[in-house]
Amino acid sequence: MEIDALFKVLLTGAIILWLLVNGLFFHVTRRNPRAMSRKLAETLIIGGGIVFPTVVLGMLLGYSLNLMGSQSEPGDASTRVEVIGKQWWWQVRYVRDGDVTVTTANELRLPLGQRTEITLLSDKVIHSFWIPALAGKMDMFPGRTTRLALEPQKLGTFRGQCAEFCGTSHALMAFQAIVMPEQEFETWLDRESLPAADPADDQARQGKQVFLREGCGACHRIRGTVANGQTGPDLTHVGSRSTLGAGTLPVTAESFTQWTSHVDTFKPDAFMPAYDHLDSSDLEALGHYLMGLN
Ligand code: CUA
């Protein structure tokens, strides 16, 4: 909001100055083209060329330096969020009292009207964290933490996108920012911190077996099971997320099936191999199991 005000002040100022300078130019060339007295010319050069710009730019500098303090303030919300740029997805961690309580991926949930601090990191290359509807871009570097605080003023789902070219699937590195009422956010966070649901039926049990048998747990974690991988997205509550593969597919059982068997067509050069050797029964069971992890 403050940045918005700064923009409007700058824009209005620029329009006034443009009108002033061009008006003056029009006046001396068309309206009154007689030679000026030396005294008037000197006053114009010193006043309009030195004093005026110094005063105006000085005031603007003071104004924007003043804003810098409030822009870098940490959040007052009880939750801090860490977002880590990966090869082409986003790891999102919710930190409370210094402890990571929830790890998820490709989805950032924020409480409405609260200033939430977001710390940004990357594991290998530079990415850029960007939710156009909520804030400007912020680069994510390997080994150096950058910070951003967001205080969303409207409810809704907003698209986020990586804004720094980071490799083959850069354009497929998206996420969703979901702004929720504070109480709903708390409920969601509590729910998200629970371990994964047990398979509800035979097909889901088969899916879980496929997951463990194929070694998916080497890269993915599903809390409450032996799968404890750290390389890929945490799948504990993957069925409740809205997109799969960082904004690539909607979350449905068919998407999981397609994704698992043909990752390489959806996201070139992603780390995950395509499991195209699985038969359709196993793939469908796997999709059904993951969909049940809500
Ligand atoms: Cu990450 Cu572009």
Side-chain angles (χ1 to χ4, degrees), residues 3 71-72 75 79-95 100 102-110 116-152 156-179 192 216 218-221 229-238 240-251 255-256 258-260 262-275 290:
I3 302 286
Q71 289 307 308
S72 58
T79 308
R80 188 166 57 80
V81 187
E82 295 176 354
V83 182
I84 300 147
K86 302 277 188 175
Q87 190 169 334
W88 301 291
W89 58 283
W90 315 78
Q91 186 178 54
V92 183
R93 300 199 288 218
Y94 296 82
V95 182
V100 176
V102 165
T103 301
T104 167
N106 305 324
E107 194 174 274
L108 172 70
R109 301 214 178 214
L110 295 169
T116 304
E117 185 182 17
I118 300 170
T119 54
L120 304 167
L121 258 177
S122 166
D123 68 343
K124 277 191 229 99
V125 300
I126 300 176
H127 302 275
S128 178
F129 178 87
W130 190 31
I131 311 165
L134 297 183
K137 300 170 187 175
M138 182 61 82
D139 281 349
M140 311 168 91
F141 303 95
R144 192 185 123 194
T145 305
T146 45
R147 295 168 51 246
L148 183 72
L150 294 181
E151 192 175 334
T157 302
F158 308 98
R159 189 182 156 88
Q161 170 66 41
C162 179
E164 176 76 43
F165 183 72
C166 55
T168 327
S169 288
H170 152 71
L172 298 170
M173 188 172 171
F175 65 101
Q176 287 195 313
I178 301 170
V179 180
E192 200 76 3
C216 307
C219 294
H220 295 286
R221 183 160 74 146
Q230 307 290 327
T231 324
D234 185 305
L235 301 178
T236 310
H237 294 280
V238 69
S240 69
R241 300 209 278 260
S242 46
T243 74
L244 181 61
T248 310
L249 293 173
V251 168
S255 295
F256 281 116
Q258 292 170 344
W259 177 263
T260 314
H262 295 102
V263 181
D264 46 345
T265 38
F266 291 110
K267 191 164 271 194
D269 284 351
F271 266 141
M272 181 170 154
Y275 285 75
L290 292 173

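Remember, it's 1-based here, ligands and their atoms both numbered in the order they're listed. Note that the numbering runs from 1 along the sequence shown for the chain.
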Practice item. Check Glu164 and report its N/O/S atom nearest to atom 2 (Cu) of ligand 1, by atom name. Key: O

Practice item. Please work out the angle at atom 1 (Cu) of ligand 1 defined by atom SD of Met173 on one side and atom SG of Cys166 on the other, rounded to 10°. Key: 110°

Review point. Does any donor atom in the side chain of Thr104 or Arg241 lie under 3.5 Å from an acceptor atom in the other side chain?
Key: yes

**Study point:** N/O/S atom of His170 inside 2.8 Å of atom 1 (Cu) of ligand 1, strictly under
**Key:** no

**Study point:** Any side-chain donor near an acceptor of the partner, Asp234 and Thr103, under 3.5 Å
**Key:** no

Practice item. From the options Arg80, Arg109, Glu82, select the one residue that forms a side-chain contact (heavy atoms from CB on, under 4.5 Å) with Tyr94. Key: Arg109

Point to revise | N, O or S of His127 under 2.8 Å from atom 2 (Cu) of ligand 1 | key: no

Practice item. Mark yes or no for whether Thr260, through its side chain, and Phe256, through its backbone, hold a donor-acceptor pair below 3.5 Å. Key: yes

